[in-house]
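Sequential numbering from 1 along the given sequence is applied to the chain's residues.
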Amino acid sequence: MRTLALILAASQSLSALAAPPKMDSLFPAGAGREAARTVTAAGTFSNWPPKVWVDREGLTVTPAKDKGKLEIAAGADAAGVYFIRLFDAEGASVVRPFLVDSLPAVDEVEPNNTPEQAQPIDGNAVVDGVLHKSGEVDRFAIPMKKGQTLVASLQAHNRLGSPMDAVLQVADPRGFVVAQNDDNVGNDPQIVFEAPADGTYSVGLFAFPATPNSTINFSGSKSYIYRLTLTTAGFVDHCSPMAIDTETDSAIQLHGWNIPDTAASVTPSAIPGERQFVAHPELASFVEVVRSSIPVFDPATHTEGAPIAWPVVISDQISAAGEVDKFALDAKKGQTLRCRVESDSLGYLLDPVVTLFDEKGKQLAEVDDSSGRRDSELRHTIPADGRYELAVRDLYGNGGPRFAYRMTIDDSPPGFALTVAADSFVVKGKEKLTLPIAVARERGCSDEIAISIEGLPETLTATTATSAAKGATAKEVKLEISVSGEESLAFSGPIRIVGRIAGDKPRELAATFTVAGTEQTLDQIWLTAVKP
């Protein structure tokens with residue numbers, strides 16, 4: 001019997017070791033700046049505690065004694081979206097997002113389904129909640145003075161990957177709905193409401209499935225996790241510019257509601273990488289900017305009426321109905337002009353139409369939607385030396401503070417994109433791991449692309465691959481990772497798969513994966529080497 005018990009114990013131990021961490025969600029899904037929270041990681045964890053990886057500095061994550069509990073602390077400069085991964089010797093979980101905002105976090109308290117049960121929110125806060133079941137409506141009560149502006153903004157589908165298409169409503173003290181919004185920031189709603197009189201107003205939240213089905217009732221489940229900002233103080237909606245030069249840290253102007261002059265701009269810190277989040281400690285919310293490899297337009301140094309030097313990145317907005325933004329530029333015969341206008345993909349409302357005119361006012365080209373989105377990309381070969389004009393307008397003639405856009409004007413350089421189907425991989429013992437890399441060539445790219453892996457330990461080696469030049473039909477290459485020595489050693493960490501083009505205009509780009517349930521991408525792919 002003793003022998004049998006030992007065998008069973010050993011079998012159970014080996015079974016436990018065979019399963020890497022599986023993390024389905026984090027709740028609450030965020031914290032306030034300089035705040036700490038106990039967070040529940042839902043999932044399956046055979047070996048506790050696991051190790052933790054965070055994609056950038058600013059967040060400290062420590063597994064607690066109880067299985068599935070994490071202690072998460074945000075630093076003084078923390079802001080934006082962080083990605084967290086749990087891992088051990090057997091493998092790694094998928095990454096999950098965690099949001100950091102300047103406002104304090106408050107947990108939703110049930111029951112709060114009826115107007116009479118609306119949860120009081122004193123002051124300004126971000127509510128962490130869940131629409132647990134079908135038919136559920138979460139309600140929150142906010143006292144307001146006449147003339148105060150309330151911003152109610154939801155983070156659920158876009159940032160957190162929650163499978164919900166939510167609706168927000170504001171009801172007056174009598175219970176009448178006075179404002180409603182569905183999709184204002186992607187699939188997530190946002191309401192800006194000015195109180196016509198003193199009183200306690202309520203904000204109601206309900207949802208439908210993000211992927212439509214036969215459901216006709218309000219939907220809900222344990223995965224309908226959200227963060228709801230409720231504030232009558234400053235709120236950041238967008239910024240200008242939406243891109244910054246790689247060489248400078250110019251001041252960024254913050255735009256939104258209730259923003260005092262003392263908090264209207266920030267200077268981004270020198271954070272490496274293409275993307276970073278900008279916030280202000282006195283304001284709710286955060287915005288994302290990109291570090292551009294080409295110059296960023298500075299209206300302060302531009303002479304009105306003069307042509308714009310390009311290539312360039314311009315941040316602007318269609319601020320009023322019927323407005324058309326016009327940009328003059330000089331171009332030479334044979335140049336390929338590309339104008340890419342992003343708004344929908346950034347969470348804003350502009351449905352851009354881009355039109356190119358010659359110096360006599362003749363229309364040469366016009367583009368509305370591109371690549372399955374409302375964003376636009378116009379490309380045109382310049383017919384003759386001269387001055388040209390690009391015009392940007394909204395398809396339906398609308399305009400306003402949320403009709404912001406980022407426009408990139410360049411000479412349509414050839415490019416490429418590399419993607420992988422998963423965010424983590426495992427190589428076991430002396431076995432070889434084959435990594436398929438999808439290669440998408442863009443804008444006539446015909447160069448050879450050399451693809452290799454960075455970040456491997458000395459105990460592992462990887463092959464390199466080349467995506468052939470013009471004429472090749474292959475849209476995928478494969479890399480192999482194997483043990484370099486006689487003995488396999490354990491490893492668990494991030495790697496990068498990088499593609500490079502040599503020549504007069506060298507280019508380098510890392511392969512990305514899409515974060516589960518979202519449209520966000522990362523290039524830090526996880527590799528685990530399991531020792532047999």
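No hydrogens or angles considered: nothing links the side chains of Q317 and H255 as a donor-acceptor pair under 3.5 Å. A donor atom on one side chain and an acceptor atom on the other are not found under 3.5 Å apart for E71 and T62. Using a 3.5 Å distance cut-off with no hydrogens or angles, the side chains of T231 and T229 do not pair a donor with an acceptor. If you check the side chains of R291 and Q276, you find a donor sitting under 3.5 Å from an acceptor. Checking Y226 against D138 by side-chain atom types alone, a donor-acceptor pair falls below 3.5 Å. T40 and K69 share a donor-acceptor pair across their side chains, judged by distance under 3.5 Å alone.
The shortest heavy-atom contact between P50 and P21 is CB-CG, 4.3 Å. Of all non-hydrogen atoms in V296 and P241, the two that sit nearest each other are CG1-CB, 3.9 Å. Among all heavy-atom pairs drawn from T267 and A251, the shortest one is OG1-CA, 4.3 Å. Of all heavy-atom pairs spanning N184 and Q190, the tightest one is CB-N, 3.6 Å. Pairing each heavy atom of V498 with each of E508, the nearest pair is CG1-CG, 3.4 Å. Taking all atoms of both residues into account, the shortest heavy-atom contact from A279 to F286 is CB-CB, 4.0 Å.
Looking at V106 and L230, their side chains never come closer than 4.5 Å, going by heavy atoms from C-beta outward. Between S219 and L131, the closest side-chain pair of non-hydrogen atoms is not below 4.5 Å. Between D182 and N187, every side-chain heavy-atom pair lies at or beyond the 4.5 Å cut-off. You'll find the side chain of Q524 reaches within 4.5 Å of the side chain of D55, heavy atoms only. Using a 4.5 Å cut-off on side-chain heavy atoms (C-beta onward), Y224 and P163 make contact. Between F140 and E108, the closest side-chain pair of non-hydrogen atoms falls below 4.5 Å. Side-chain contact between T528 and F425 is absent, with no heavy-atom pair separated by less than 4.5 Å. Residues N158 and T518 have side chains not in contact (no heavy-atom distance under 4.5 Å, counting atoms from C-beta outward).
The residues D423 and R85 are annotated as salt-bridged, a charged nitrogen and a carboxylate oxygen being separated by less than 4.0 angstrom. Between E454 and R500, at least one side-chain nitrogen of the basic residue sits less than 4.0 Å from a carboxylate oxygen of the acidic one, meeting the salt-bridge criterion. In this structure, D128 pairs ionically with R37, as a charged nitrogen and a carboxylate oxygen lie closer than 4.0 Å. One finds no salt bridge joining K428 and E90 here, because no Lys/Arg side-chain nitrogen approaches an Asp/Glu carboxylate oxygen to under 4.0 Å. Under the 4.0 Å criterion applied to side-chain N and carboxylate O atoms, D447 and R507 are assigned as salt-bridge partners.
Proximity of a side-chain donor or acceptor of Y348 to a complementary backbone N or O of D237 within less than 3.5 Å is detected. With hydrogens and angles disregarded, no donor-acceptor distance shorter than 3.5 Å links the side chain of E288 to the backbone of V278. S221 places a side-chain N or O within donor-acceptor distance of the main-chain N or O of S223, the cut-off being under 3.5 Å. Checking side-chain atoms of D375 against main-chain N and O of S345 turns up a donor-acceptor pair under 3.5 Å. Using modelled atom types, no side-chain atom of S93 and backbone atom of M23 make a donor-acceptor pair closer than 3.5 Å. Of the possible donor and acceptor atoms, one in the side chain of S376 sits under 3.5 Å from a partner among the backbone N and O of P352. The closest donor-acceptor contact from the side chain of S315 to the backbone of M242 lies under 3.5 Å. Looking only at distances, a side-chain donor or acceptor of D188 sits under 3.5 Å from a matching main-chain atom of H157. A donor-acceptor contact shorter than 3.5 Å is absent between the side chain of W257 and the backbone of L150. Put simply, the side chain of R443 gets close to the backbone of P413: a donor and an acceptor are under 3.5 Å apart.
A cation-pi arrangement is absent between R96 and F83 under the rule of less than 6.0 angstrom and at most 45 degrees off the ring axis.
Atom OG1 of T461 is separated from atom NZ of K432 by 8.5 Å, given to the nearest 0.5 angstrom. Distance CD/E480 to OG1/T434: 4.5 Å, rounded to 0.5 Å. The OG atom of S482 sits 9.5 Å away from atom CG of L433, with the distance rounded to the nearest 0.5 Å. For the atom pair R139 CZ and I121 CD1, the distance stands at 14.5 Å (nearest 0.5 Å). Distance CD/Q155 to CD1/I225: 14.0 Å, rounded to 0.5 Å. To the nearest 0.5 Å, atom CZ of residue F98 and atom CG of residue L70 are 9.0 Å apart.
Between S102 and the options H280, E282, R33, a side chain to side chain donor-acceptor pair (under 3.5 Å) holds for only R33. Remark: of the listed residues R374, R406, R402, R374 is the sole one forming a salt bridge (Lys or Arg N to Asp or Glu O under 4.0 Å) with D344.
The number of heavy-atom neighbours closer than 6.0 Å to CD of E442, taken from other residues, nucleotides and ligands shown, is above 12. Heavy atoms of other residues, nucleotides or ligands lying less than 6.0 angstrom from CG of D107 number more than 12.
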Criterion side chain to side chain contact (heavy atoms under 4.5 Å, CB included) on T512 and V420, from CA distance to verdict = CA-CA 6 Å; T512 62; V420 291; over 6 Å; no
message = What verdict does the side-chain hydrogen bond (donor to acceptor under 3.5 Å, both in side chains) test give for R338 and T408, after you've listed the backbone C-alpha separation in whole Å, the side-chain angles of each residue and the deciding distance to 0.1 Å?
response = CA-CA 8 Å; R338 180 178 69 148; T408 303; over 6 Å; no
inquiry  = Between T464 and I451, does the side chain to side chain contact (heavy atoms under 4.5 Å, CB included) criterion hold? Intermediate values first, please.
reply    = CA-CA 6 Å; T464 59; I451 302 171; over 6 Å; no
query = What's the verdict on side chain to side chain contact (heavy atoms under 4.5 Å, CB included) for I501 and L509, showing C-alpha distance, side-chain angles and the deciding distance?
reply = CA-CA 9 Å; I501 289 178; L509 191 68; over 6 Å; no
inquiry  = Could you walk me through whether F208 and F218 satisfy the ring-ring contact (aromatic ring centres under 6.0 Å, His included) test, starting with their C-alpha distance in whole Å, then the side-chain angles of each, then the deciding distance to 0.1 Å, before giving a yes or no?
reply    = CA-CA 6 Å; F208 301 96; F218 301 156; 5.8 Å; yes
query = Could you go step by step and tell me if F87 and W526 meet the ring-ring contact (aromatic ring centres under 6.0 Å, His included) rule?
reply = CA-CA 9 Å; F87 67 97; W526 201 265; 4.7 Å; yes
task = Begin from the C-alpha positions of I294 and V313 and carry the test side chain to side chain contact (heavy atoms under 4.5 Å, CB included) through to its verdict.
result = CA-CA 7 Å; I294 64 176; V313 179; 3.7 Å; yes
request  = Go through the steps to decide whether E519 and R373 satisfy the test salt bridge (charged side-chain N to carboxylate O under 4.0 Å, His left out), and finish with yes or no.
outcome  = CA-CA 13 Å; E519 294 184 358; R373 301 203 71 126; 2.8 Å; yes
